[in-house]
Trainee: 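Got a structure for you, questions after.
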Amino acid sequence: MDFPWVVWPSLWHTIRNWIFANLLIHRYLDQEFDIASFKKGSIQALVHVSGELSKGNFEALDDLITKPSLEEIRRNYANFSLKQRLDLAVVKEDIFFSFPYQIGMIFTNEGGPHERIFVEITMCYHVFRGFQDYINSTTTGETPGGLRGVYDNHDRISIANYRFIREFTKGVVDEWTISLANHFKPGEMIQRQ
């Protein structure tokens with residue numbers, strides 16, 4: 001999707017996220033909200049959604065991804081090669097690093113009788129295809145470990161940015177929905193440079 005790549009956490013966003021999650025969302029909107037639980041659930045969503053995307057099963061995603069986002073994904077998907085489509089699928093064990101990049105709150109008609117409150121959370125996931133096999137081979141000495149080993153395997157690394165949105169307006173029952181699904185390979189950018 002047309003969205004700037006998010007690769008690393010931002011110190012400013014991390015502090016702001018803690019304030020939003022603990023002092024605003026948890027205290028005023030949803031007393032059961034916990035960023036650690038959200039992160040676990042978002043990983044499950046990533047695995048499920050990416051699997052359906054890789055198969056081109058857009059009907060299974062109707063209630064999980066917002067309509068405008070799903071339309072953009074469909075258009076872009078048509079331009080993917082078979083390998084790119086297959087690379088979309090993420091296995092939970094291959095996620096070696098993930099973090100909430102940014103938490104935001106959106107107020108529409110603020111202060112008015114029809115005020116609506118939304119929360120958006122942008123997550124970043126670092127994926128290394130065959131991560132457990134790679135870890136096992138580095139501990140047995142079959143392949144070099146550390147940064148050199150990772151750099152040598154840049155074609156196996158991909159990053160996914162997913163943004164989740166949910167309405168928290170009083171009296172509204174809503175579920176988390178994906179409004180952004182972006183997969184990219186930073187190794188391709190390194191190779192071009």
Trainee: To the nearest 0.5 angstrom, please state how far the CD1 atom of Ile35 sits from the CD1 atom of Ile121.
Mentor: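 Here the rounded value is 4.5 Å.
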
Trainee: Is there a donor-acceptor pair under 3.5 Å between the side chain of Tyr77 and the backbone N or O of Gly56?
Mentor: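 Side chain of Tyr77 to backbone of Gly56, a donor-acceptor pair under 3.5 Å: yes, one is there.
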
Trainee: Show the nearest heavy-atom pair for residues Ile159 and Asn161, with the distance to one decimal.
Mentor: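 Nearest pair, atom of Ile159 first, then Asn161: CG2-ND2, 3.8 Å.
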
Trainee: Among Ile106, Val172, Thr108, exactly one meets side chain to side chain contact (heavy atoms under 4.5 Å, CB included) together with Glu167. Which residue is that?
Mentor: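 It is Val172; the other options fail the test.
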
Trainee: Does any N or O in the side chain of Thr169 come within less than 3.5 Å of the main-chain N or O of Ile117, such that one atom is a donor and the other an acceptor?
Mentor: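 Side chain of Thr169 to backbone of Ile117: a pair is present.
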
Trainee: If every non-hydrogen atom of Ile65 is compared with every non-hydrogen atom of Leu70, which pair is closest and at what distance?
Mentor: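 What the structure gives for the nearest pair is CG2-N, 3.7 Å.
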
Trainee: Would you say Val91 and Ile43 are hydrophobically clustered, going by side-chain heavy atoms of ILVMFWY under 4.5 Å?
Mentor: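 Shared cluster, no.
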
Trainee: Determine the minimum heavy-atom distance between His183 and Leu46, stating which atoms define it.
Mentor: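 Heavy atoms of His183 and Leu46 come nearest at CE1-CD1, 4.2 Å.
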
Trainee: List the atom of Pro100, the atom of Asn17, and the distance in Å for their closest heavy-atom pair.
Mentor: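 Closest pair (atom of Pro100, atom of Asn17, distance): O-ND2, 3.2 Å.
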
Trainee: When you measure from the side chain of Ser50 to the backbone N and O of Val90, does any donor-acceptor pair fall under 3.5 Å?
Mentor: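 Here the side-chain-to-backbone pair exists.
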
Trainee: Quick one: does His26's side chain have a donor or acceptor within less than 3.5 Å of a partner on Ala21's backbone?
Mentor: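 No, the answer is negative, given that no donor and acceptor are paired below the 3.5 Å cut-off.
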
Trainee: Under a 4.0 Å N-O cut-off, is there an ion pair linking Lys55 with Glu52?
Mentor: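 Salt bridge present between Lys55 and Glu52.
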
Trainee: Quick check on the hydrophobic clustering: are Ile103 and Phe118 connected, directly or via other members, by side-chain heavy-atom contacts under 4.5 Å?
Mentor: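 Not linked; separate clusters.
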
Trainee: Does Arg16 count as lying over the ring of Phe20, i.e. NZ or CZ under 6.0 Å from the six-ring centre, within 45 degrees of the axis?
Mentor: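 Flagged: Arg16 positioned over aromatic ring of Phe20.
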
Trainee: Evaluate the ring planes of Trp8 and His126, with Trp represented by its six-membered ring, and classify them as parallel (under 30°), tilted (30 to 60°) or perpendicular (over 60°).
Mentor: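 Because their plane-to-plane angle lies in the 30° to 60° range, the rings of Trp8 and His126 count as tilted.
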
Trainee: For Ser179 and Glu120, work out which heavy atoms get closest and say how close.
Mentor: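 Result for this residue pair: OG-OE2, 4.4 Å.
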
Trainee: Of all residues at least two apart in sequence or in a different chain, which pass the side-chain hydrogen bond (donor to acceptor under 3.5 Å, both in side chains) check with Thr177?
Mentor: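 Thr177: no side-chain hydrogen bond (donor to acceptor under 3.5 Å, both in side chains) contacts found.
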
Trainee: Quick one: does any side-chain atom of Gln102 pair with a main-chain N or O of Ser10 as donor and acceptor, under 3.5 Å?
Mentor: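 No: the side chain of Gln102 does not pair with the backbone of Ser10.
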
Trainee: Over all heavy atoms of both residues, which pair between Thr14 and Pro9 is shortest? Give the atoms and the distance, please.
Mentor: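 Closest pair (atom of Thr14, atom of Pro9, distance): OG1-CB, 4.3 Å.
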
